[in-house]
Amino acid sequence: MRNHRKNTVLAAAAIAALSLGLTACGGGDGASGAKDAGSATSSPSTAGTGDGGTAGGATANQTATKGGSGSTGGSASGGSTAGGSTASTGSAGGSKAGSGTGGSTGSTGGKSSAAAPVCAYGDIKVTAAKADEVPTEHITLTATNTSGRSCTLLEYPLIAFGPIQTAKDVPAVAKSKPAAPVVLKPGAPAYANVRIALGGAHEDNKVVNEFNVNLFAAQGPAEGSIVVKAPAGGLAVDEAAAKTGYWTYELRNGADEF
């Protein structure tokens, strides 16, 4: 009986020891399992971090891309280029306006002269004066605008020392032609130097107490003539030697000497 109890106690002790061993082994496996589970959990975390890193990379890429649109900053430079173009356009506009303004002013000046009508014989009074010389070889014709408006005096005086139908034409001296026609304001004079003789003793002269002066129209000699009285004592005229200068604002040295 004592032996049987002893064996029973030993068997119970062995079973308890075996249970404890099994429990210890089970606890180790549980810990390992927990550890493995922990690692497995950590793994997704790491994977999460990896994804997060990828996201970070994407963000970096996006930032780089935006930085690349910082090459949009390049576009901004392009914008300044466009601004430059605009400025150029502005300058072009300015020069255009300037040119436009300058051009119209010049044209206006030109039109002002062209707007003055041609002087007709009824617009002009012509007088003659002897030059200060002996014998008299030249006279000065003075044409005064009596019309009350501006008019243009064209070319040179068409002079006839005698009857218009039979008088010899008096030629003009080319060197006395002015650069532009004479425009006379009301009351203003123009002048023409006229040679009437050579001053020789044996010239074929004739005495003239009055003569005719015609004016030019745009298309040639104008209708009508002005009768001019000769200075006191008349003029000794050699028609073969006679010549006239062009109408000018004032008699000029050289151009009106012939």
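We number each residue from 1, following the sequence as shown.
- Residues Val118 and Leu153 are members of separate hydrophobic clusters, defined by side-chain heavy-atom contacts under 4.5 angstrom among Ile, Leu, Val, Met, Phe, Trp and Tyr.
- For residues 212-235, no residue pair satisfies the salt bridge (charged side-chain N to carboxylate O under 4.0 Å, His left out) rule, not counting sequence neighbours.
- Tyr121 and Val228 end up in the same hydrophobic cluster when Ile, Leu, Val, Met, Phe, Trp and Tyr side chains are linked at under 4.5 Å.
- Identified under the ring-ring contact (aromatic ring centres under 6.0 Å, His included) test for residues 230-258, with sequence neighbours left out: Tyr156-Tyr246.
- The two atoms that bring Gly245 and Ala192 nearest to each other are O-CB, 3.8 Å, heavy atoms only.
- At distances below 3.5 Å, not a single donor-acceptor pair connects side-chain atoms of Ser176 with backbone N or O atoms of Asp256.
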Determine all donor-acceptor pairs shorter than 3.5 Å in which one atom belongs to a side chain in residues 180-189; sequence neighbours excluded.
none

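- Applying the side-chain contact (heavy atoms from CB on, under 4.5 Å) test between Ile159 and each of Asn212, Leu141, Asn214 identifies Leu141 as the sole match.
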What side-chain donor-acceptor pairs closer than 3.5 Å can you find for residues 230-243, not counting sequence neighbours?
{"unit_1": "Asp238", "atom_1": "OD1", "unit_2": "Ala240", "atom_2": "N", "d": "3.1"}
{"unit_1": "Glu239", "atom_1": "OE1", "unit_2": "Lys206", "atom_2": "NZ", "d": "3.1"}
{"unit_1": "Glu239", "atom_1": "OE2", "unit_2": "Lys168", "atom_2": "N", "d": "3.3"}

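- Leu154 and Ile226 are assigned to two separate hydrophobic clusters, defined by single-linkage of ILVMFWY side chains at heavy-atom distances under 4.5 Å.
- Both Val170 and Val208 are members of a single hydrophobic cluster when ILVMFWY side chains are connected at heavy-atom separations under 4.5 Å.
- Residue pairs satisfying the disulfide bond (SG atoms under 2.5 Å apart) criterion with at least one member in residues 214-244, sequence neighbours excluded, are absent.
- Listed by chain and number, the hydrophobic cluster partners of Leu198 come to none, as no ILVMFWY side chain reaches under 4.5 Å of it.
- Partners of Asp123 under the salt bridge (charged side-chain N to carboxylate O under 4.0 Å, His left out) rule, at least two apart in sequence or in another chain, are Arg149.
- The number of heavy-atom neighbours closer than 6.0 Å to CG of Asn209, taken from other residues, nucleotides and ligands shown, is above 12.
- The ring pair (Phe, Tyr, Trp, His ring centres under 6.0 Å) search around Phe161 returns Phe211, not counting sequence neighbours.
- Applying the disulfide bond (SG atoms under 2.5 Å apart) test to residues at least two apart or on different chains, the pairs with a partner in residues 130-168 are Cys119-Cys151.
- Phe216 and Ile124 are assigned to two separate hydrophobic clusters, defined by single-linkage of ILVMFWY side chains at heavy-atom distances under 4.5 Å.
- A search for side chain to side chain donor-acceptor pair (under 3.5 Å) contacts involving Asn205 returns nothing, not counting sequence neighbours.
- If you take NZ on Lys130 and NE2 on His138, they are separated by 14.5 Å, rounding to the nearest 0.5 Å.
- Taking CD from Glu155 and CG from Leu215, the interatomic distance works out to 11.5 Å, rounded to the nearest 0.5 Å.
- Enclosure of atom CD in Glu133 by more than 12 non-hydrogen atoms of other residues, nucleotides or ligands within 6.0 angstrom is indicated.
- Counted within 6.0 Å of NZ on Lys125, heavy atoms from surrounding residues, nucleotides or ligands total 12 or fewer; the atom is thus considered open.
- The closest side-chain heavy-atom distance from Ile164 to Ser225 is below 4.5 Å.
- Listed by first and then second residue, the disulfide bond (SG atoms under 2.5 Å apart) pairs that reach into residues 213-258 come to none, sequence neighbours excluded.
- Qualifying side chain to side chain donor-acceptor pair (under 3.5 Å) partners for Ser147, counting only residues two or more places apart in sequence or in other chains: Asn145.
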